[in-house]
Protein chains: 2
Amino acid sequence: MARPRLFDEERALDAAMRAFWEKGYEATSTQDLCVATGLGRSSIYNTFSSKHDLFQRALSRYVDTMTASQLEILEDAGRPALERIAALFERIMDQEFTQRPEGRSIGCLSVNTTVESAARDPEIDRVLARDLRVRLDALRATVEAGQRAGDIVADRDPETLARFVNAVIGGMRVSAQGGADRTALEGIAVTALGALKR
Amino acid sequence: MARPRLFDEERALDAAMRAFWEKGYEATSTQDLCVATGLGRSSIYNTFSSKHDLFQRALSRYVDTMTASQLEILEDAGRPALERIAALFERIMDQEFTQRPEGRSIGCLSVNTTVESAARDPEIDRVLARDLRVRLDALRATVEAGQRAGDIVADRDPETLARFVNAVIGGMRVSAQGGADRTALEGIAVTALGALKR
DNA sequence: CGCGTTGTGTACTGATCGGTTCAAAACTTG
DNA sequence: CAAGTTTTGAACCGATCAGTACACAACGCG
């Protein structure tokens, strides 16, 4: 045993996550990460072995917390399934517009990373693919419940509708990054809900 | 007059566009651009004044050709509006899966750039915003025609439905980059069409 | 207090970044 | 062919990149 760290590893991870989220992986330099976390280079490289490793851990943390908060909404068995999906859309919009009141939305780190590096980085892709599966499973289960209960259309299979909802969420996020305001996103959400309703 | 260029400027622009498309702006080095275009650094900097300028011109070229090909489909007055939007989805999917048969989709340069740099680069944002307006206008006009003809739902305003279709396209592109196959995208498209159908 | 261990700051590494300089090559025009 | 203009390749620029070396500071434990 010897000298203890003078920083909280999870706080540092959060700060790094934020930096990657705002600028993307490539555009975030190790210097940026030092400033964002408040750590020196040594501490960063001592704790996380490389920029890539730090990114992977930050991304994993992001998808875990983000997906957990979404599952919480989707698995709330007390409400009708369609209402849960509506609440999910609402949550997405809150994220897009509260986290960064001044200026434009920074979107979703998961979507951003899918676009920036999923195709060229197998390790990152694995993190994203696993998370995508979890989210699709939860969406599918919700859709199935809605179909049984009769508030979601039953003429299309649950996996398809899950993928549809997921794609709409992605589209809303890209739209927000492209400058769409909240009412624009609200319109997209209610239209998508219209495709599920019955 | 003096020594003429030994390369075709548009071909070079296409090659650069391709490079940016595959790797993104930040991850594409000037060296990459030399290899992709087959030009030396001097020729590139003599023709295009900077990496940023080259990117802007490549992106402009991309959105112009891409949007033109989409307008062609949307403005084909001989077909019902809903069918035109279905054909547009079909075109998107063709792009996603033919341009890169082996390996994963590289998505859409417009979406990729919106995600990577629209928020931090005003000049790039202007190019994207102008193109977005053009595409939304064409979608809105198509939706209005469909509403008049009675094949598209009339209980939501055209701008909203245009934004919805645009978001779905973005979502399909992100899904493709995340590994979705053609049948998955087809399911998303038909579900979206279901939301428009009267 | 002092030994052993670990974290931290500073300085440094070679490589690569975007971009420039410049002389020679290549072409048009007279 | 010669004068004048432009393109081209190669060498070069300072800055920054991700990552490392190392001395020293700070702590736990005996």
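Labels below follow one simple rule: chain letters A, B, ... track the order of the sequence lines, proteins then strands, and each chain is numbered from 1.
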Next on the checklist: Counting only side-chain nitrogens and oxygens, does A:S42 get under 4.0 Å of the OP1 or OP2 atom of C:dT8?
Outcome noted: no
Item to check | OP1 or OP2 of D:dT7 under 4.0 Å from side-chain N/O of B:S43 | outcome: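 The answer is no; no side-chain N or O of B:S43 sits under 4.0 Å from OP1 or OP2.
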Write down the distance between [atom1] ([X]) and [atom2] ([N]), rounded to a whole number of angstrom.
X: A:F55; N: D:dG19; atom1: CZ; atom2: P; result: 14 Å
X: A:F48; N: D:dT20; atom1: CZ; atom2: C1'; result: 18 Å
X: A:E26; N: D:dT16; atom1: CD; atom2: C1'; result: 14 Å
X: B:N46; N: C:dA25; atom1: CG; atom2: P; result: 19 Å
X: A:Y45; N: D:dC22; atom1: OH; atom2: P; result: 18 Å
X: A:L39; N: D:dG19; atom1: CG; atom2: P; result: 16 Å
X: A:L33; N: D:dG19; atom1: CG; atom2: C1'; result: 13 Å

Measuring from the side chain of [X] (C-beta onward, heavy atoms only), which nucleotide among [options] has the closest atom?
X: B:R41; options: D:dG19, C:dT8, C:dG19; result: C:dG19
X: A:R5; options: D:dA18, C:dG18, C:dG7; result: C:dG7
X: B:S29; options: D:dC27, C:dA11, C:dC17; result: C:dC17

Checklist entry - Checking all strands, does A:T47 fall into the base, sugar-phosphate, or nothing category for heavy-atom contacts under 4.0 angstrom? => result nothing
Next on the checklist: Using a 4.0 Å heavy-atom cut-off, does A:S49 contact any base of the nucleic acid, only the sugar-phosphate backbone, or nothing at all?
Outcome noted: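 If one applies the 4.0 Å heavy-atom cut-off, A:S49 turns out to touch nothing in the nucleic acid.
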Item to check | Check ion pair A:E72-A:R91 (N to O, under 4.0 angstrom) | outcome: no
Checklist outcome for this item: When B:L6 and B:T30 are each assigned the nearest nucleotide of DNA chain C, the 5'-most assignment goes to B:T30
Next on the checklist: For a side-chain hydrogen bond (donor to acceptor under 3.5 Å, both in side chains) check, start with the C-alpha distance between A:D32 and A:S29, then their side-chain angles and the critical distance, and finish with the verdict.
Outcome noted: CA-CA 5 Å; A:D32 291 333; A:S29 69; 3.2 Å; yes
Checklist entry - Got a sec, which pairs hit side chain to side chain donor-acceptor pair (under 3.5 Å) with one end in residues 157-168 of chain A, sequence neighbours left out? => result A:R133-A:E159, A:R135-A:N166, A:R140-A:E159, A:D157-A:T160, A:E159-A:R163
Checklist entry - How are the rings of B:F55 and B:Y25 set relative to one another: parallel (under 30°), tilted (30 to 60°) or perpendicular (over 60°)? => result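 Geometry flag for B:Y25 against B:F55: tilted rings.
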Checklist entry - Tell me, do B:H52 and B:D121 make a side-chain contact under 4.5 Å, heavy atoms counted? => result yes
